[in-house]
Number of protein chains: 2
Amino acid sequence: MATIREIAKRANTSIGTVSNYLNEPSLVAESTQKRIEEAIEFFDYHPKAAARSLKSRYTHRIGLVPLISSEDNRSENPGDNAFLELLAGINTAAAENKYDILLSGATNHSDEMKTYQRLFGEGNVDGIILQGIQSEDERILFLKKKKIPFVTYGQSDLPIQYAYVDVDGGQGIIQAITHLKSLGHKRIAYITPSKSLMCTRQRWDGFVKGMDQNNIQIKDEYVIEGDFSERSGYESTKVLMNLKTPPTAVLTSNDVCAFGVIRCLKEMNLIPGKDVSVVGFDNVSISKHWQPELTTIEQPFRKIGFLLMESLLNMIQGKEEFPHKLVQPELIIRESTGPV
Amino acid sequence: MATIREIAKRANTSIGTVSNYLNEPSLVAESTQKRIEEAIEFFDYHPKAAARSLKSRYTHRIGLVPLISSEDNRSENPGDNAFLELLAGINTAAAENKYDILLSGATNHSDEMKTYQRLFGEGNVDGIILQGIQSEDERILFLKKKKIPFVTYGQSDLPIQYAYVDVDGGQGIIQAITHLKSLGHKRIAYITPSKSLMCTRQRWDGFVKGMDQNNIQIKDEYVIEGDFSERSGYESTKVLMNLKTPPTAVLTSNDVCAFGVIRCLKEMNLIPGKDVSVVGFDNVSISKHWQPELTTIEQPFRKIGFLLMESLLNMIQGKEEFPHKLVQPELIIRESTGPV
DNA sequence: TCAAGGAATTGAAACGGTTCAATTATGGCA
DNA sequence: TGCCATAATTGAACCGTTTCAATTCCTTGA
C-alpha cells in the first residue's frame, strides 16, 4: 500500500504539500495539484484513517448504539423500518461530510453506556446519536458528565442543556383533530399514556390546543389514561363504548394501541372507519396493511436522521453548542377515519 | 486523556509490559497485572484505536454497506426486520471478538464498490460482509480482485472461490411439501421466479426432490414461472384456478408473492387456508398479521448474521480460507395452510 | 533594481500505540 | 552453590499521517 511519502516522491513535492492537498487543496498550486492527482491515481492511494486520526483527533465516525433484544423477535416488534429510515437520513448527512457510522449493539442501557464510553474513549467516534429517550434518561447524564458530544432523538425531562431533534407531536394531534372535525366529528376521545413522559405531555398539550382551535369541548370521560400497548387500546375502548354517549372518534398515541381499539370495535360489531374513526401514531409498516388501513401520524424519520447528524457535526466542529430542532409530523389519511 | 506511558509510569513498569497486558495478559506477572489494572482504573484509560491499528494493521472493525433507496419508502418494502435481525447476529459475533460494525450506506452498486474500496483502502475495516447477492454479482469480482476479505450472504453463480453463508432453500421447500402432504394435499402448484437465479434454482431442486420424496408427481401445468412480486402471485393464481383441475395448494418463493395469491383467491371467493392452502417464503413481519396469517418459511437471520461474522473473522485471522456454511430454514405453520 | 509581502513549499516533530530483540529475574535441579 | 531454562520485562524503532514554524518563490510597486 502506498503512503503519503511515495505520493510526494512521485509528484516531486513534499509530504506536507500532499497533506495540504488532501485537506485544503486551495493551499496548493494548481500545477502541483495535477501532479499529486496523477500520483494518487497511479498508486490508487487512500490516506490511512488510523494515521490521520492519530494526529488530527478526528475519526470521521459517529456512533450509533441500537438496543438489540436478546432473543430473535423478528415479527414481534413493528418499530422496524423506522430505524432503517433514520439510518438512511443519518447516512445522507454523514456521507455529505465524509463521515461513517459506527454501530455497536447493546442489549440494555448499562451495556449501552459502557459501549459509549469505550467508543469515545478509544477514539472510535467523534460523537454519538442517542435514540429512544426516556423522561429521565440516565444516558444523557452519563454522556454529559463524560463530555462526549451527543445529540438525542427526542427530549427528556432533565433540566440540562443538550442537543436534540424532536417531532412536534402536539402538532400531529392538532392535525388529526382538525381532520376529524372536517369529517364532522365532535365526540373525540383520546387514549393517552401517563403524562409523566415528555412526548405524551407534548401530545396532550396539542390535544388541548387542537380541541380549542376547533371549538370542541374536552369531555373528561373521553380522556383515558392507558399506555402504548395493544391491550390498553382494547380495554380503553371497551370503557369508552359503554358510555351513555360514546365517542365517534378515538385518538391514540401509537399504532399498536390503535390496533387494540380496532379489535375491540370489531368485537362489538362496530365498523372502524365508519361507526367509529380511529387515528394511530407512528405509521409502522403494518398499519398500511391493517383492516381497515389505519389513518395515522407519520414521523419523518429520514429528515430526523439527517438533522441529527447535521446537528452533531455542528457541535463537533464547534459551530453550534446545543442545537434544538423540531420537525413537523404528517397526517396519513387512510380508511380508519371517515365521516360521522 | 491518559496514554500508555502514563499507565506504565503509575504501575511502575514499562510501556511494553502494559501493551502485553492489554493484548496477552498471560505474558505479564500477576502482581504486575494488579498494578496495571489499578492504573487503568485510576486514569479511566482506553487504548486509542487509531494508534493501535496504525502499527498492528488490525482495525477491529468490519464493514457493512446497506443499499439505501433514495426515497423515503418506510412502509413499502417489508424486507424490514430481516436487516435488523441480521445485524443482531453479526453484532453478537462481533462483540464476542471485540469487533465493531462500520456502516456506510450506498444508493447503488457502483457507489457500493467505491465505498468498499475506500473503507478498506483507508484502513477503516478489516473485511466486509456482502448482502443481496445476485447471480453474477460484480461486487464479488471486485472485492476478489482488490484482495479485500469478504463473506457473502447468499451464493452467486460465479465460478470463483469465496466465502459464503447461505440458507438451504431447497430444504425449506421440502419441509413445506411434506407439511402439505400430511394435510392430504397432492395437487401442489409452485410459482417460481426465473431459474436463472441461484436461490430459485436451489428451491426448484428442493421442489423436485420434495415431490419425489412424498411420491407426488409434478404436473407441468402446476408450475408457473413468475417473479417475486405481489402481482405475479395474483396473475399466476388466476391461471392456476382456471385449470380443469386446479391445485389445492400453492407454494411461492416469497411472502409478497403469496399475498398476491391470497388476494386472487379471495376475489374468486375461495377461502385461503381452507379451499386452497398457500405457503410463503421469508416470514416478513406483516405475514403474521395477514388475513389469514401466512404459513411461511423462515430464514434464521440471527444465526446467519452470526455465521457471517464468524466466517469473516476466521478468514481475517487466517484460520479458514473460504468457509462455506449452509443453514436450515424453518417452516412456520399458520392459518394459510389447512387440510384438503 | 530592490524591498515588501503574500503564496507556495518544506521537513522535522508529534500523535500513542505495537513489536521484537535484548536483558534481567526466577525457580528447579544436580 | 552454580547452571540452565524459562518467565518477565525493557525500550527503541516504527506505523503514516498532520501540524507548524521556517524557508523559498513570485509579484508588485517605488
Side-chain angles (χ1 to χ4, degrees), chain A residues 1-37 39-40 43-61 98 118-126 316-317, chain B residues 1-37 39-40 43-61 98 118-126 316-317:
Chain A
M1 287 270 177
T3 73
I4 200 173
R5 290 190 163 73
E6 299 170 62
I7 302 300
K9 203 163 174 189
R10 177 166 238 266
N12 197 28
T13 181
S14 69
I15 59 169
T17 299
V18 177
S19 179
N20 280 342
Y21 169 81
L22 258 21
N23 298 295
E24 195 54 69
S26 68
L27 294 175
V28 178
E30 272 203 31
S31 58
T32 313
Q33 288 194 29
K34 287 257 167 53
R35 297 197 316 275
I36 294 177
E37 278 158 12
I40 287 177
F43 286 115
D44 189 17
Y45 168 75
H46 295 267
K48 296 290 160 295
R52 187 214 290 282
S53 87
L54 180 55
K55 179 78 217 211
S56 78
R57 261 69 254 281
Y58 286 111
T59 65
H60 288 267
R61 263 172 254 134
K98 294 183 184 302
R118 180 179 66 77
L119 288 184
F120 189 75
E122 291 182 347
N124 278 301
V125 303
D126 294 336
I316 290 170
Q317 294 163 5
Chain B
M1 288 269 176
T3 72
I4 200 172
R5 289 183 167 75
E6 298 171 62
I7 301 300
K9 202 164 175 187
R10 177 165 238 266
N12 197 29
T13 181
S14 67
I15 58 170
T17 299
V18 177
S19 179
N20 281 341
Y21 168 82
L22 258 22
N23 297 295
E24 195 53 67
S26 68
L27 294 175
V28 178
E30 273 203 30
S31 59
T32 313
Q33 288 194 28
K34 287 257 167 53
R35 298 198 315 275
I36 295 178
E37 277 157 12
I40 287 177
F43 285 117
D44 189 18
Y45 169 74
H46 295 267
K48 296 288 160 296
R52 185 215 291 283
S53 85
L54 182 55
K55 179 84 220 223
S56 78
R57 274 39 278 269
Y58 286 110
T59 65
H60 288 267
R61 261 171 255 135
K98 295 183 183 302
R118 180 179 66 77
L119 288 185
F120 189 76
E122 291 182 347
N124 277 301
V125 302
D126 295 335
I316 291 169
Q317 294 163 5

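Among the atoms of the strands shown, only primed sugar atoms or phosphate atoms (P, OP1, OP2) are found under 4.0 Å from some heavy atom of Y45(B). Nucleic acid contact class of R5(B) (heavy atoms, under 4.0 Å, all strands): base. Counting non-hydrogen atoms under 4.0 angstrom, T3(A) reaches the backbone sugars and phosphates but no base. No engagement by S53(A) is indicated, since no non-hydrogen atom pair under 4.0 Å with the nucleic acid exists.
For dG16(D), the base has no donor-acceptor partner in the side chain of R52(A) [N/O atoms by modelled type, under 3.5 angstrom].
Residue V28(B) has its side chain nearest to dT9(D) when only dT10(C), dT9(D), dG17(C) are considered.
Remark: T13(A) is in phosphate contact with dT10(C), judged by side-chain N or O atoms under 4.0 Å from OP1 or OP2. A close approach under 4.0 Å does not occur between any side-chain nitrogen or oxygen of S14(B) and OP1 or OP2 of dT9(D). For the pair N23(A) and dT18(D), the criterion of a side-chain N or O lying under 4.0 Å from OP1 or OP2 is met. Contact annotation: T32(A) side-chain N/O to dT9(C) OP1/OP2 distance is under 4.0 Å. Contact annotation: S19(B) reaches the phosphate of dT18(C) (side-chain N/O to OP1 or OP2, under 4.0 Å). Residue R35(A) places no side-chain N or O under 4.0 Å from the OP1 or OP2 atom of dA8(C).
The 5' end of DNA chain D is approached more closely, in terms of each residue's nearest nucleotide, by S26(B) than by the other of S26(B) and A51(B).
Per the geometry, CG belonging to N124(A) stands 15 Å off P belonging to dG16(C), to the nearest Å.
Looking at heavy atoms from C-beta onward, T59(A) lies out of side-chain contact with N124(A) at the 4.5 angstrom threshold. Taking 4.5 Å as the limit, every side-chain heavy atom of Y45(A) sits out of range of all side-chain heavy atoms of E6(A).
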